[in-house]
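The next block holds one structure in the form of structure tokens; read it before the comments.
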There are 2 protein chains.
Amino acid sequence: MKILVMEDDREAADYLKKAFAEAGHTAHVAGDGETGFALADAGDYDVMVVDRMMPRRDGLSVIAALRSRGNTTPVLILSALGEVDDRVTGLRAGGDDYLTKPYAFSELLARVEVLNRRASARESETVYRVGDLELDRLSHSIKRAGREITLQPREFRLLEYLMRHAGQVVTRTMLLENVWDYHFDPQTNVIDVHVSRLRGKIEKGFDKPILHTIRGAGYMLKGG
Amino acid sequence: MKILVMEDDREAADYLKKAFAEAGHTAHVAGDGETGFALADAGDYDVMVVDRMMPRRDGLSVIAALRSRGNTTPVLILSALGEVDDRVTGLRAGGDDYLTKPYAFSELLARVEVLNRRASARESETVYRVGDLELDRLSHSIKRAGREITLQPREFRLLEYLMRHAGQVVTRTMLLENVWDYHFDPQTNVIDVHVSRLRGKIEKGFDKPILHTIRGAGYMLKGG
DNA sequence: AGGGCTCCATGAAGATTCTCGTCATGGAAG
DNA sequence: CTTCCATGACGAGAATCTTCATGGAGCCCT
């Protein structure tokens, strides 16, 4: 398992590197946000462990930037801030897990391994499921509650992306970069329109809403 | 493993049923071609063992009919005819293997198990490979000799079907039914045109031909 | 071996279909 | 009250799919 550790405290970083090595994993260390971003963007890591506060660029900003570039490597955020609000913003920024300092390495290790297992399971999975919604990447078919649904190409990509990130907020920027391949702001409401159309197909006629609006942030797919 | 045996010789059929049962498989028996066709079309068999000569409808015709309906269950043909030509016509009709009577059951069993293994491996496989040609059903991408190739939807379906049936003759009727969803003869050369375009993309610029024309029968994808 | 016939290959061109994105208005949320 | 989001309608553009027509290759029969 190949792990990227972003941590500015030299001592802590060395300790992590050593501990991961003992557990049979390979860890690279980045001492600041910029370096971390560069490494993450270039290298092919299984999991990232990111300290929230770092020089040159803070952890959340690095994560958000990576996410908007399509990087979906699981991230565990390390932070001294343990308030609920801090956790929420951390997870919203694209984190997959959040651990408060001080922590036990054994727990960190366990969580990191869970993240990796989940990710590799997801990759080979050909069918995504969220609630009673089902997307089969092989046959390109969508079903909700057993009923077949027909989507247009862009709608399909949109839903696929949302499903891959089910349970986490998906920002407009993420969608623009990964579903539209736009690397600029189109200054229109393209996304809104397509989300609306998608809703018309996957929600109209079914009881529970599944595609939620997070006002001021984006959208989130989440099934009961 | 669920096996369908089409064999009119009652004694031989009973023997096969028993022998398959002893090997841990379930075998159903059809005594004539029509019954066999009906069972095969309805049931969900892993492998079929088909006698070539049967009352009411001969084995090859049954196989061809099943194939044109999109049934891809592997078929092993049993026959007293052992000449090369007989084998060829048998395999061309849609057979996957051919065994001449008299045969040893152990060999039949082994061959049947190979057919099944191949089929089930193929189903979960998300990437097809024929020679240096590669089709990834997940990403919908095509590569030949490492070079990315762009196909249109219909071309993709066409190639996908050809690759799934690589090494065996694919008739126009099979293509019409499974790639075009036509259940009638369009009276035009739609297929030829698309095959031509496909060739233009997957053969032009590469050395070896890979999509072969079987005159009077159809096409066959086969890599060196 | 050659002529004739059938089958296949391929270029071009047209038309339909379908998708995508924009705009504008109305409504909900904070 | 202001900002953000939802949605209906519309228009334009693109792109794919077919069809047609011609030329070439293969096969068979004499």
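The sequence lines fix the lettering, A, B, ..., with proteins before strands; numbering per chain opens at 1.
- Considering only side-chain atoms of B/T188, the nucleotide from D/dT19, D/dC17, D/dC5 that sits closest is D/dT19.
- Taking atom CZ on A/R199 and atom C1' on C/dG27, their separation rounds to 14 Å, with Å as the unit.
- Following rounding to the nearest Å, B/L158 (CG) and C/dA9 (C1') show an atom-to-atom distance of 15 Å.
- When distances run from any side-chain atom of A/H194 to the nucleotides D/dC17, C/dC20, D/dC5, the shortest one goes to C/dC20.
- For A/R154 and C/dG21, the shortest distance from a side-chain N or O to OP1 or OP2 is below 4.0 Å.
- A sub-4.0 Å separation between OP1 or OP2 of C/dC7 and a side-chain N or O of B/T213 is absent.
- Checked by atom type and distance alone, the side chain of B/E134 never pairs as donor or acceptor with a backbone atom of B/Y128 at under 3.5 Å.
- Side-chain atoms of A/R56 never come within 3.5 Å of backbone atoms of A/E34 as a donor-acceptor pair (strictly under, hydrogens ignored).
- Contact check, A/Y182 against C/dG21: a side-chain N or O comes under 4.0 Å of OP1 or OP2.
- In terms of phosphate contacts, B/Q152 brings no side-chain nitrogen or oxygen within less than 4.0 Å of OP1 or OP2 of D/dA15.
- Summarising the geometry, the separation between CD1 on A/I214 and C1' on D/dC5 is reported as 13 Å, rounded to the nearest angstrom.
- Between the CG atom of B/L151 and the C1' atom of D/dA15 there is a distance of 15 Å, given to the nearest Å.
- Note on B/R197: a base of the nucleic acid sits closer than 4.0 angstrom, heavy atoms only.
- Counting to the nearest Å, the C1' atom of C/dT25 and the CG atom of A/N189 are 12 Å from each other.
- Of the side-chain N and O atoms in A/W180, one or more sit less than 4.0 angstrom from OP1 or OP2 of C/dG21.
- Using modelled atom types, no side-chain atom of A/E155 and backbone atom of A/R197 make a donor-acceptor pair closer than 3.5 Å.
- Residue contacts shown for B/S196 include a base, since a base heavy atom lies under 4.0 Å away.
- For B/V193, the side-chain atoms get nearest to D/dC20 when compared with the rest of D/dC20, C/dT19, D/dT7.
- In the displayed structure, A/K143 atom NZ is contacted under 6.0 Å by at most 12 heavy atoms of other residues, nucleotides or ligands.
- At the heavy-atom level, A/F156 lies nowhere under 4.0 Å from the strands shown.
- Rounded to a whole Å, the CD1 atom of A/I191 is 16 Å from the C1' atom of D/dT7.
- Under the 3.5 Å distance criterion, the side-chain polar atoms of A/K222 are left unmatched by any main-chain donor or acceptor of A/H212.
- Summary of the strand contacts: A/R215 and A/D192 both lie near DNA chain D, and taking for each the nucleotide with the nearest heavy atom, the more 5' one is attributed to A/R215.
- A/R57 and A/T35 form no side-chain donor-acceptor contact under 3.5 Å, judged by distance and modelled atom types alone.
- For the pair A/E203 CD and D/dT7 C1', the computed distance is 14 Å after rounding to whole Å.
- Rounded to an integer number of Å, the gap from CZ of B/R157 to P of D/dC17 is 10 Å.
- Residue contacts shown for B/V195 are absent, as no nucleic acid heavy atom lies under 4.0 Å away.
- Between B/Y219 and C/dA9 there is a side-chain N or O to OP1 or OP2 distance below 4.0 Å.
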